[in-house]
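Data block below; observations after.
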Amino acid sequence: MIGKVPTGIDGFDDMVKGGFLEKRHILLTGGPGTGKTTFAMQFLYNGAKTFKEKGLYISLEETPEKLLSNLKQSLKWDLDKHIKDGSLVIATVDKFDWSNLSDILQSYITRHGVKRVVIDPLTIMRMNTKDEFEFRRNLIGLLAFLENLDCTVLITAELPTVTREATTYSLEEFIVDGVVVLYNLPIKNERRFALEVLKMRGVNHSKSMYPFKITDKGIVVYPEEII
Amino acid sequence: MDTLAYTYDIGKPLNIKKLAGLKYAELPQGTEVLKAQFGEVTILVFPSGEMRAFSKGKTFEDLERGLMPASVRIIQLLEDIKKSGVKLDPTKVIESGKRIQWSSAAPAGVRKTMESTVGLDILRQMTYAPLDIMSEFQVERMLVQAGENIGRSLADGSLKSADKLSEAIVAYLKANKLCVSSFKKRKDPSKNSSYDQFVFTMSESAFAAGIPPVGKPMCHFIRGLIRGAFAKFLELENVSVKETQCWGLGDTECEFVMTVLPK
Ligand SMILES: Nc1ncnc2c1ncn2[C@@H]1O[C@H](COP(=O)(O)OP(=O)(O)O)[C@@H](O)[C@H]1O
Ligand SMILES: [Mg+2]
């Protein structure tokens, strides 16, 4: 029986029967501004606060400092408390160097007991890798390596498309254990957030698309509602 | 990874020969290590003052259960060591007990007549033979982990500056015949960082000297060693060490640049 790693995100854990599976790799994908960063940080914040698991956030787009100040603007989470006691780490790496990304991950996981890892967004590593072959080799290598370690990994990827029908799938979707897609849908005169679980190996997950909101407490999913 | 033994620190070097007269102890051939046998519990005493207790062939849980009787044996042995003229506090030694790690260096005395260095062929095989049976990615991770373990042990807290740490790295690499190296310090050119960059230049790398140009740097162990040393010394994991020159890249020297990444 494989253990569950609850995200603590209201409504979402129900969709995946209690949480992600331990030691698995989940891809969180969506267009810009669909809530990937918020979701990913909430996974770590709840991990530290509620489930007493150490989290590591590798921030590739923004410096840790800037990411933190952005999050503090819109969310009422006491991130500082967890950063101070070491249960939440926001780190950066050399974005052009897979070896450095791996060195730092390896060190935090094997020497500091990190159990939840976020890499946000992987898209930056792809942009900085010289060709697709190198990108694949490194990504497959990294995921196979992380599989042997005691941690659950959430990777975000920027999707250019925003509609459900036009989504194209790339390597990432195939080699991870789970894919969660976030949308920001134009509905009448406004936009509404929605998400779906595209795949989750080993879990009889919900197959529908559900609306979610972002409040100052973070993401709340409404699995009762239909979009 | 934990092994099944406990280790204790007597805190001072011991004259093992002088202790070899104890009736329950012996000095196995090829070592300068005192071996004391108390029923199931074996205790090894190293000249460095390290003492190890274990039950041969037992699981870790067995040893934990046997630890109380083991402590009694250790106290007896410590009392005898005391009688031989070594000043020590048996309770303090017992309190220092912890599970031994693979990563602890082989204590002096385990190899009586051989030097602490082994042949280059062996090192090359152990570095490159794994490429036949696992991915390059895995092999790199393995070497980095080993290097980091050593690097971290070099940053032992008594060092007062990054310069002193770099000197210790250079000295370690030389003493272990891994390479001839030197370092220089420079301002971090990319941003207004408050940390300097350290650049290590190495020739005769045990890992790389003479290897064909494979299009990538290959001294992952040394990179890990430098990264581990700085990460531990600075108490900061956001350290990047990049191998910018290597035989693997077509150079005849290796170069490593240590940068502290932005906050
Ligand atoms: N507390 C909040 N209340 C309402 N909207 C918010 C709040 N926090 C963030 N948002 C909105 O959520 C969107 C998603 O942000 P983010 O998680 O950074 O998305 P992504 O990482 O996918 O680009 C942003 O456009 C932001 O305006
Ligand atoms: Mg984002």
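Chain letters run A, B, ... following the sequence lines, proteins first, then strands; residues in each count from 1.
Chain A forms the most heavy-atom pairs under 4.5 Å with one residue out of B:E136, B:E243, B:R227, and that residue is B:R227. Highest contact tally toward chain A, considering only B:R223, B:H220, B:E140, is held by B:R223 [criterion: heavy-atom pairs under 4.5 Å].
For A:K95, the NZ atom sits in a packed shell: over 12 heavy atoms of surrounding residues, nucleotides or ligands are nearer than 6.0 Å. Within a 6.0 Å sphere centred on CE of B:M126, heavy atoms belonging to other residues, nucleotides or ligands number 12 at most. Dense packing is recorded around NZ of A:K199, with more than 12 heavy atoms of other residues, nucleotides or ligands lying under 6.0 Å away. B:D121 CG: 12 or fewer foreign heavy atoms inside a 6.0 Å radius. No more than 12 heavy atoms of other residues, nucleotides or ligands lie within 6.0 Å of CD in B:E204, so this atom counts as exposed by the packing criterion.
The closest side-chain heavy-atom distance from B:E148 to A:Q106 is not below 4.5 Å. For the pair A:T63/B:K263, no side-chain contact is recorded, criterion being any heavy-atom separation below 4.5 Å from C-beta on. Side-chain contact between B:P262 and A:K66 is absent, with no heavy-atom pair separated by less than 4.5 Å. In this structure the side chain of B:V241 never reaches within 4.5 angstrom of the side chain of A:D103, judged on heavy atoms.
In this structure, chain B has a heavy atom under 4.5 Å from the side chain of A:T110, while its backbone stays farther away. Of the two parts of A:N148, only the side chain, counted from C-beta on, holds a non-hydrogen atom closer than 4.5 Å to a non-hydrogen atom of chain B. With a threshold of 4.5 angstrom between heavy atoms, B:K232 does not approach chain A through any atom at all. Heavy-atom distances place both the backbone and the side chain of A:L142 under 4.5 Å from chain B.
In this structure, a donor-acceptor pair under 3.5 Å is absent between the side chains of B:S135 and A:R137. A donor atom on one side chain and an acceptor atom on the other are not found under 3.5 Å apart for B:R141 and A:S99.
Summarising the geometry, atom CG belonging to B:N149 is positioned 4.5 Å from atom CZ belonging to A:R111; distances are rounded to the nearest 0.5 Å. Note: B:S240 OG to A:L101 CG = 11.5 Å, rounded to the nearest 0.5 Å. In this structure, the separation between CZ on A:F96 and NZ on B:K242 is 9.0 Å, given to the nearest 0.5 Å.
B:E237 places no side-chain N or O within donor-acceptor distance of the main-chain N or O of A:Y108, the cut-off being under 3.5 Å. In this structure, A:N100 contributes its side chain and B:V239 its backbone to a donor-acceptor pair below 3.5 Å.
Nearest heavy-atom pair, B:F137 versus A:S102, reported as atom, atom and distance to 0.1 Å: CZ-OG, 3.3 Å.
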Should A:I104 and B:L261 be marked as a side-chain contact (heavy atoms from CB on, under 4.5 Å) after you check the CA-CA gap, both sets of side-chain angles, and the distance that decides it? CA-CA 11 Å; A:I104 287 179; B:L261 297 161; 3.8 Å; yes
